[in-house]
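In what follows, chains are A, B, ... by sequence order, proteins preceding strands, each numbered from 1. Predicted model, so just to flag it, every value in this text is computed and none were measured.
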2 protein chains.
Amino acid sequence: MKKLKEASTEEKIKEAARRVFTEKGYSGTRTRDIAQEAGINLALLNYYFRSKQKLFEEVMLEKVIKLFGLLSPVFYNSDSNLEEKFEEIANLYIDMLLENPTLPTFVLSELAKGHFAIEIPLKEMITNSVLADQIKKQNPDIDPIQFLFSLLGLVVFPFIGKPAFRQFGLTTETDFTKLMQARRRLIPVWATAILHS
Amino acid sequence: MKKLKEASTEEKIKEAARRVFTEKGYSGTRTRDIAQEAGINLALLNYYFRSKQKLFEEVMLEKVIKLFGLLSPVFYNSDSNLEEKFEEIANLYIDMLLENPTLPTFVLSELAKGHFAIEIPLKEMITNSVLADQIKKQNPDIDPIQFLFSLLGLVVFPFIGKPAFRQFGLTTETDFTKLMQARRRLIPVWATAILHS
DNA sequence: GTCTATATTCCGATAGAC
DNA sequence: GTCTATCGGAATATAGAC
């Protein structure tokens, strides 16, 4: 019978690493910060994970999957129509991003810096999807990638822009949450309108 | 008569700093990289700018203005209607971002990390703008900030998502440029559709 | 103004005791 | 497995000659 109330040392380190890396990025993170946040000693970090880089890669892989893994089940759902798929995506993402507001900036910024390289060929996964078929049937002229930029932009961009908007006095934390809750119902409507124009 | 072909040392450092900071972020940048990129010695950097932080702040201020300064002239243009304003914004941003594709990720990521704090109260600048009036007249129910998230998301997000999309094999450099050129004409249509729905 | 050399702090990683 | 102590290198910043 495993103890439930206390995580293993390895997991404590990883959980601390998730927080610190996401907040400060790879270069801004010091392994000492992670150790302190985990309540353990610096040496243990290198005992469990060989290096800062290795630990980062484990965390980063999780985060990439967390950010983009939501898509494929929806893309391949053959029981829902287009507008229902937009609802699913809006709801799944807004739920997850309200819990993890700094995730997109972290992942996209680190991918841009090349600190992490994975080769996941999604091109065919997307072009063969049910969603791609439904889009093509609805509007054969639009490029699916063009549309995907728009859909994801509508969902994800507010979370990326929020720190700037806050500094400029354009929104507060509670206002932002309300805006995102309202956005759930707006995004499917907007995405449909975009697709038909 | 000033020489035109050779920039001053101070400007050479600053120009190098713009490149390196934008590429690697504040924490990932070493002052040695900037010095080497500028073709000068490390000591000169501290001679002209007191510290890495000071130099960063000067660069960052420029970049924030470059990213958000495009908006106010359009917001206060009383000679254009809504759809024309959307056209202006799409064209200005896409021109600028094709020249500076890494600018948004850099600025928004560094603002999120709190490496830079400016207090620019834009709240009133926006709510008092001609654009805000025109939006309210067109659709009194939509929150202007909600709409601004959408408009900027449509324009800016592709540039933030591009590195990920490239790694996933969803786009190439030349494909991306074509998509963005097509996007100029699409965004005004989409923004209008969003506003009316 | 510009350089070389160096002071000083910081950080990732390891040695070695328990 | 976990800790303390420390090594070795890297990074910012400055001293001082020219």
Side-chain angles (χ1 to χ4, degrees), chain A residues 1-61 63 106 109-110 113-117, chain B residues 1-61 63 106 109-110 113-117:
Chain A
M1 188 73 175
K2 262 195 178 176
K3 280 195 222 173
L4 285 179
K5 59 178 172 180
E6 193 149 338
S8 71
T9 300
E10 184 170 356
E11 185 51 38
K12 276 195 287 184
I13 296 172
K14 209 164 174 180
E15 181 54 30
R18 288 187 193 101
R19 284 196 297 273
V20 181
F21 275 135
T22 308
E23 184 188 347
K24 305 189 175 180
Y26 177 75
S27 299
T29 293
R30 295 170 301 162
T31 50
R32 282 171 165 79
D33 294 340
I34 297 175
Q36 186 177 4
E37 181 90 3
I40 53 92
N41 191 274
L42 172 60
L44 276 179
L45 189 150
N46 289 84
Y47 174 78
Y48 281 104
F49 308 88
R50 272 176 45 84
S51 65
K52 176 186 177 181
Q53 175 71 29
K54 277 287 211 181
L55 174 54
F56 176 75
E57 279 166 13
E58 289 199 24
V59 170
M60 186 71 180
L61 180 59
K63 298 288 185 184
F106 168 69
S109 166
E110 295 298 330
K113 283 176 198 151
H115 286 150
F116 183 73
Chain B
M1 188 73 176
K2 263 194 177 174
K3 280 194 220 171
L4 286 179
K5 61 177 170 181
E6 192 148 338
S8 70
T9 299
E10 183 169 357
E11 185 49 38
K12 275 195 288 186
I13 296 172
K14 208 164 174 181
E15 181 55 30
R18 288 187 193 101
R19 284 197 295 274
V20 181
F21 275 135
T22 309
E23 184 189 347
K24 305 189 175 181
Y26 177 74
S27 299
T29 293
R30 296 171 303 163
T31 51
R32 278 172 166 81
D33 293 340
I34 297 175
Q36 188 176 3
E37 180 91 3
I40 53 92
N41 191 275
L42 171 60
L44 278 178
L45 189 149
N46 289 84
Y47 174 78
Y48 282 103
F49 308 87
R50 273 177 46 84
S51 66
K52 176 185 177 182
Q53 175 70 28
K54 276 287 211 180
L55 175 55
F56 176 75
E57 280 167 12
E58 289 198 26
V59 170
M60 187 70 182
L61 180 59
K63 297 289 186 184
F106 168 69
S109 166
E110 295 298 330
K113 283 176 197 151
H115 286 149
F116 183 72

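- Taking a heavy-atom distance under 4.0 Å as the criterion, the stretch of DNA chain C touched by chain B extends 5' to 3' from C/dG1 to C/dT4.
- The minimum heavy-atom distance between A/Ala35 and A/Asn41, with the atom names listed, is CB-C, 4.0 Å.
- The stretch residues 38-46 of chain A touches DNA chain D through A/Asn41, A/Ala43, A/Leu44, each having a heavy atom within less than 4.0 Å of the strand.
- Minimum interatomic distance between A/His115 and A/Ser27 (heavy atoms only, all atoms of both residues): CE1-OG, 3.6 Å.
- Both A/Glu10 and B/Thr31 lie near DNA chain D, and the one whose nearest nucleotide falls closer to the 5' end is A/Glu10.
- Listed by chain and residue number, B/Thr9, B/Ile13, B/Ile40, B/Tyr47, B/Tyr48 satisfy the side chain to side chain contact (heavy atoms under 4.5 Å, CB included) test with B/Leu44 (two or more places apart in sequence, or in another chain).
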Exercise for review: Before giving the answer on side-chain contact (heavy atoms from CB on, under 4.5 Å), spell out for B/Glu57 and B/Met60 the whole-Å C-alpha distance, their side-chain angles and the decisive distance to 0.1 Å.
Suggested key: CA-CA 5 Å; B/Glu57 280 167 12; B/Met60 187 70 182; 5.5 Å; no
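- Between A/Tyr26 and A/Gln53, the shortest heavy-atom contact is OH-OE1, 3.1 Å.
- Counting only residues at least two apart or on different chains, the salt bridge (charged side-chain N to carboxylate O under 4.0 Å, His left out) pairs with a member in residues 15-25 of chain A are A/Glu11-A/Arg18, A/Glu15-A/Arg18, A/Glu15-A/Arg19, A/Arg18-A/Glu62, A/Arg19-A/Glu37, A/Lys24-A/Asp33.
- In this structure, the side chains of A/Leu55 and A/Thr31 stay at 4.5 Å or more apart for every pair of heavy atoms.
- A distance-only check finds no donor-acceptor pair linking the side chain of A/Lys52 to the backbone of A/Leu45 [under 3.5 Å].
- Across residues 17-27 of chain A, not one residue has a non-hydrogen atom less than 4.0 Å from an atom of DNA chain C.
- Between A/Phe21 and A/Phe56, the gap from one ring centroid to the other is short of 6.0 Å.
- By the neighbour-count criterion of 12 heavy atoms within 6.0 Å, atom CD of B/Glu58 is densely surrounded, having more than that number from other residues, nucleotides or ligands.
- Within residues 48-56 of chain A, the residues approached by DNA chain D to less than 4.0 Å at the level of any non-hydrogen atom are A/Tyr48, in residue-number order.
- Summarising the geometry, the separation between CZ on A/Arg32 and P on D/dA10 is reported as 16 Å, rounded to the nearest angstrom.
- Closest heavy-atom contact between B/Asn46 and B/Ser51: ND2-CA, 4.1 Å.
- Looking at heavy-atom distances under 4.0 Å, A/Thr29 makes contact with sugar-phosphate atoms alone, never a base.
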